[in-house]
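What follows is a set of notes on a single structure, which appears directly below.
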Amino acid sequence: MKLFVNSEKNEFVLHINNNNEQENTLQVDNRMYTYDLIALGFGRYSLLLDNHSYTLLQVKKDDLYHVQIDNNHFVLQLEDEHKRKIKELFKKVQTGPEVQIIKAPIPGLVIKINAVEGELVEEGGGLLILEAMKMENLIKASCSCRIKEVMVKEKDSVQLNQPLMKLVKE
Amino acid sequence: MKLFVNSEKNEFVLHINNNNEQENTLQVDNRMYTYDLIALGFGRYSLLLDNHSYTLLQVKKDDLYHVQIDNNHFVLQLEDEHKRKIKELFKKVQTGPEVQIIKAPIPGLVIKINAVEGELVEEGGGLLILEAMKMENLIKASCSCRIKEVMVKEKDSVQLNQPLMKLVKE
Amino acid sequence: MFKKILIANRGEIALRIMRTCKDMGISTVAVYSNVDRRSPFVCFADEAYALDGTSSRESYLRMDKIIAIAKKSRADAIHPGYGFLSENADFADTVVKSGLTFIGPPAETILLMGNKTAARKKMIAGNVPVVPGTEEAINDTVYAKKIAVEIGYPVLIKAAAGGGGKGMRLVKNEDEFDEALDAAIRETQAAFNDSSVYLEKFVEESHHIEFQILADTKGNIIHLGERDCSIQRRHQKVVEESPSVLLTEELREKMGRAAINAAKACNYINAGTVEFLVDKHQNFYFLEMNTRLQVEHPVTEMISGLDLVQEQIRIAAGKEISRKENLSKFWGHALECRIYAEDFHNNFAPSPGKIEFLRPADGPGIREDSGIAQGDEISLYYDPMLSKLIAWGADREQAIRRMLRALKEYEIAGIQTNIPFLVRVMENKNFIMGNYNTGFIEENREQLFEEKSELAMAAAIGAALARQNDSIQSFSDKNMISEWKIINRKRNLS
Amino acid sequence: MFKKILIANRGEIALRIMRTCKDMGISTVAVYSNVDRRSPFVCFADEAYALDGTSSRESYLRMDKIIAIAKKSRADAIHPGYGFLSENADFADTVVKSGLTFIGPPAETILLMGNKTAARKKMIAGNVPVVPGTEEAINDTVYAKKIAVEIGYPVLIKAAAGGGGKGMRLVKNEDEFDEALDAAIRETQAAFNDSSVYLEKFVEESHHIEFQILADTKGNIIHLGERDCSIQRRHQKVVEESPSVLLTEELREKMGRAAINAAKACNYINAGTVEFLVDKHQNFYFLEMNTRLQVEHPVTEMISGLDLVQEQIRIAAGKEISRKENLSKFWGHALECRIYAEDFHNNFAPSPGKIEFLRPADGPGIREDSGIAQGDEISLYYDPMLSKLIAWGADREQAIRRMLRALKEYEIAGIQTNIPFLVRVMENKNFIMGNYNTGFIEENREQLFEEKSELAMAAAIGAALARQNDSIQSFSDKNMISEWKIINRKRNLS
């Protein structure tokens with residue numbers, strides 16, 4: 001089986017052979033490894049890769065795999081060849097201006113909104129202040145954009161990943 | 001609701017009132033208590049009984065409740081009035097000689113059998129030797145009885161609670 | 001000695017205090033807010049009473065409810081922990097007036113040292129060097145800006161009422177002043193119900209070094225050496241250690257003497273901490289005195305062998321402290337890392353959620369003071385600190401290696417924590433060499449926040465294999481069922 | 001220094017050794033049997049290799065496989081832990097001949113001290129007092145019985161090849177002799193692959209006191225004081241402490257000197273333990289020397305501040321030990337409790353099963369050396385020890401109180417453990433007063449094995465409420481479903 005695994009920085013192409021022979025092997029970017037994976041329960045796995053031992057904590061959320069090793073977090077996307085081809089086709093037909101949704105990085109209370117609809121903001125400019133766990137957190141613009149829509153108001157309680165503002169790159 | 005709870009040594013009669021008023025109360029052997037129970041997951045419960053705090057680990061096995069508090073183990077039987085009446089009726093019709101099944105207190109390997117069928121054994125007499133975790137364990141007779149049946153042979157592997165011998169009190 | 005103590009706090013510190021109570025044979029009473037009903041400290045207490053409220057203001061800051069519960073449960077004394085009501089003179093006063101013992105200094109001392117501007121004045125009067133800044137709380141923004149220019153940027157805006165980094169803002173130039181002041185006022189109001197702030201010069205390249213003080217009612221007053229708390233994020237301590245690599249024997253003695261003088265100046269009783277800034281020329285300045293148990297007190301416990309909570313309780317009960325001389329010889333070296341529920345790649349933003357799996361570290365040299373259990377829900381209502389990991393070593397190098405090992409061993413799933421950040425601190429060459437100050441995080445940004453890819457391949461392979469493993473398992477379950485069906489069909493046929 | 005060490009062991013001790021390796025920057029290689037694939041020590045190692053076998057004989061006792069893996073993984077050295085091959089001179093010899101370093105004493109020393117009867121002879125020759133008994137291993141039952149009468153009952157039958165209580169039987173009179181001898185021979189054969197046993201007088205009301213020795217290749221040899229290991233069940237230690245309440249300064253010095261002489265007599269190198277019996281008149285007798293790391297070594301680590309595994313590795317690498325004088329001043333007091341998977345109400349019979357929930361203890365003064373994780377399956381193939389809980393206190397009283405607190409805090413579900421038994425030991429008045437010897441469990445049966453009912457009512461109420469709670473929950477789930485059905489039906493209608 002061929003699989004594409006993407007993290008923020010890397011892409012790995014995996015070929016997994018599990019023909020139930022003596023040793024399981026897999027190929028990553030042209031190098032062969034033996035492997036042994038065992039589920040420990042509670043989303044924990046023990047992986048031996050060429051006898052190197054790794055303990056993984058793994059949760060799947062919305063098609064993304066959140067994997068933790070030695071307290072390093074990785075967010076991974078897994079695709080087989082079929083899925084990848086469909087996605088590439090979709091990409092080609094996408095056009096239009098780039099729209100960006102600013103989402104709440106933490107749940108909290110909207111203390112102050114610094115931007116109005118239609119306004120042009122600089123990259124790094126303060127958009128709004130979220131209070132959580134008694135600390136204030138300034139949410140900044142990730143690009144120089146125009147505010148298309150402000151989706152919350154002051155004193156709103158917001159959930160994790162709740163859309164706060166819509167920005168358009170012009 | 002009225003409940004009878006039996007441990008090896010005690011019996012408690014409980015009346016639980018949970019009419020969803022402000023405070024939950026229950027009555028044990030004529031004394032009233034306020035209570036608050038909350039499930040913590042994994043079979044753990046936090047119980048506040050007249051504000052005294054207990055953490056319980058609980059597993060149900062074969063109709064018996066195994067409860068652990070502060071690392072003290074209790075094996076409890078719960079019956080409502082209906083179940084108790086039926087049981088009492090059954091008890092009355094039971095007669096005949098007392099048969100006792102010696103069960104394996106641990107899983108292990110039968111090393112040696114010291115008793116033969118038909119033999120009379122003293123209370124505390126050695127019946128067989130089970131090896132587990134590299135240590136030998138002598139299984140003793142719990143009463144002065146006659147061996148009715150030997151249900152295993154030497155070198156057998158036995159499971160927890162597997163019947164080993166049948167004894168009859170004469 | 002007390003028979004029963006009410007702990008007016010939550011989380012790890014409530015549990016920590018209860019542990020010493022148990023060791024001393026003293027019964028414990030917990031009070032809890034609605035969201036904390038499932039918390040380990042509630043389960044661990046001998047008795048627990050609901051405060052019937054969710055926010056701090058409705059629960060852990062409600063003196064009336066807490067004192068009523070103390071009365072109802074027949075507690076003799078109240079331990080306030082840190083934060084919440086621990087530095088509230090009114091509370092200390094009310095506790096005493098209710099006929100109970102407050103485990104902490106007298107109300108007058110709290111009042112004096114709790115008001116950071118009043119404390120500064122007292123120190124100036126006693127010739128203890130203080131950081132240049134305003135002597136009074138600020139009411140007037142225009143005046144404040146003038147003072148800031150006089151002191152010279154960068155300046156710190158600080159809450160007059162409290163500590164813990166809340167309400168604190170670093171202002172690098174005048175343009176930032178208004179916004180920072182607004183935010184500081186809002187934060188201190190929310191945290192301490194008091195909006196007074198003051199200004200202080202921001203001493204660059206400084207060490208934050210504090211001395212632990214113990215003073216009893218019999219006239220004994222000692223210090224237990226220092227803690228270096230210079231590794232801070234968002235003006236809150238993250239890593240603390242004792243002894244400090246910066247202090248010479250001579251400087252330690254000088255600062256220790258100043259710390260004891262500061263404590264004497266306010267007639268201090270019980271455990272307290274005198275905080276100093278030490279600049280690169282080894283000049284030291286009084287910052288503030290914390291009139292309570294410090295979060296990082298375990299570091300001092302490890303190198304002194306004392307139980308500071310036990311000393312607090314002994315002092316409050318009118319007994320002598322169990323040691324009469326200053327601590328000058330330390331037993332090895334100790335480090336503490338605070339484990340927070342936060343996403344360090346996202347400016348240390350809080351990361352609430354449910355703890356799906358928890359396997360803490362253990363082994364030689366490792367102590368943990370934890371407030372959490374598997375299955376707990378970490379809410380946004382309180383401070384995001386989950387636990388404190390403490391490592392002891394015969395020397396600093398061993399303590400760091402052990403801490404690093406424990407951090408890597410620690411398994412927690414369901415929420416993000418700052419553990420990967422702490423790992424990087426322990427691996428940081430400057431930290432290992434002892435070459436750091438309060439600017440550490442800023443100066444080592446690159447290494448501390450670097451995206452790591454060394455384990456990415458193992459993660460990728462693990463994810464792919466786990467997906468396959470789980471689908472094979474459910475597949476073979478199905479096979480099992482269909483085989484059983486076949487057997488049953490055959491049975492039915494025969 | 002070594003770059004990579006293979007640990008030829010399992011469970012808590014494998015993990016313990018790996019921790020020190022990590023602290024020293026040394027890579028670790030685990031070897032594992034089929035049932036141990038999921039064990040924490042396999043997950044924790046840098047590399048792990050299957051031994052492809054289940055019983056000890058097929059796996060952890062297979063020298064050939066272990067050495068082949070060491071070669072394959074390019075390890076420089078092998079640490080044998082305790083038990084298994086740790087006191088097997090052949091193994092030590094083969095390791096060295098394979099060009100690897102054995103972390104332990106030379107093969108000749110193991111051979112000499114490993115044969116308990118040969119060691120006894122050596123000690124007699126060197127005028128170290130030994131317990132009366134047979135000088136040779138027993139081959140002849142009739143002769144053995146004659147000797148037993150000469151020594152005088154009660155006598156102990158002991159395995160010549162090993163320790164750890166395996167193959168040991170107490171015989172009170174001649175009637176019990178044959179059966180006990182048979183059992184001892186079978187057990188020692190199974191555990192050590194050697195059926196030789198010998199006889200020793202059973203010294204009643206004695207203390208089991210041992211001295212920790214460190215000796216390097218540079219000629220340094222020191223002791224680190226004693227451990228009192230008199231609390232034993234089935235001739236295996238359950239609770240150990242240091243210092244011993246029994247020893248005076250004078251006796252400590254005398255025994256320490258005898259321990260060092262014993263070590264010198266066999267040209268000892270590395271960490272080792274000299275075991276003595278001390279009778280009620282404070283006479284002491286050499287029992288045996290364990291030529292390996294002891295299970296209870298953490299107790300000495302706590303009161304000395306040393307990492308004994310680190311010292312072992314340093315010595316094996318040809319370096320000096322990090323301390324040159326005997327330990328005469330102890331840092332406080334330390335206790336160890338061994339946590340076994342066993343049912344103490346059923347004569348400490350092993351209790352295997354799956355660990356359904358695990359929340360270990362933590363907090364001030366508590367260290368744990370654990371080999372388990374939640375979800376682990378505890379098998380019957382190996383020793384039932386799960387973990388070691390270590391408590392440190394400024395004095396013995398505080399150490400006991402902290403241990404008691406930690407034991408009560410420890411949550412483990414799915415298997416039975418001896419924790420309730422350990423709690424009773426810590427609560428036992430004789431133990432608290434230090435008034436105990438190897439007969440402790442026998443003499444305090446009543447209190448130790450009493451059926452407790454104080455918490456029975458809370459358990460009963462908890463069970464009843466939990467049953468109700470769970471049924472209400474499933475009931476309300478059903479309600480939810482039916483309401484959704486109604487909503488959907490309405491939707492379908494519109």
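Here is how names work: the chains are called A, B, and so on, in the same order as the sequence lines, proteins then strands, and each is numbered from 1.
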Do you know which of C/Arg402, C/Arg367, C/Lys388 has the most heavy-atom pairs under 4.5 Å to chain D? C/Arg367
Option that, when pairs with chain D are counted at under 4.5 Å, heavy atom only, ranks first among C/Ala406, C/Ala373, C/Gly393: C/Ala373
Toward chain C, the part of [X] with a non-hydrogen atom under 4.5 Å:
| X | value |
| --- | --- |
| D/Ser304 | backbone |
| D/Ile372 | backbone |
| D/Arg19 | both |
| D/Pro364 | both |

Specify which of D/Gln374, D/Glu397, D/Met24, D/Gln310 makes the most heavy-atom pairs with chain C at under 4.5 Å. D/Gln374
Salt bridge or not between D/Glu241 and D/Arg396? Use side-chain N to carboxylate O under 4.0 Å. yes
Look at D/Asp307 together with D/Arg16 and state whether they make a salt bridge at an N to O cut-off of under 4.0 Å. yes
Relative to D/Phe44, does C/Lys408 satisfy both conditions: NZ or CZ under 6.0 angstrom from the six-membered ring centre, and within 45 degrees of the ring's axis? no
Contacting region of C/Gln398 [heavy-atom separation from chain D under 4.5 Å]: side chain
C/Leu15 versus chain D, heavy atoms under 4.5 Å apart: side chain, backbone, both or neither? side chain
Any residue meeting salt bridge (Lys or Arg N to Asp or Glu O under 4.0 Å) with D/Glu320, in chain and number order, not counting sequence neighbours: D/Lys324
Just wondering, do [Y] and [X] contact through their side chains at under 4.5 Å, heavy atoms?
| X | Y | result |
| --- | --- | --- |
| C/Met18 | C/Ile7 | yes |
| C/Ile315 | C/Ile321 | yes |
| C/Ile313 | C/Cys21 | yes |

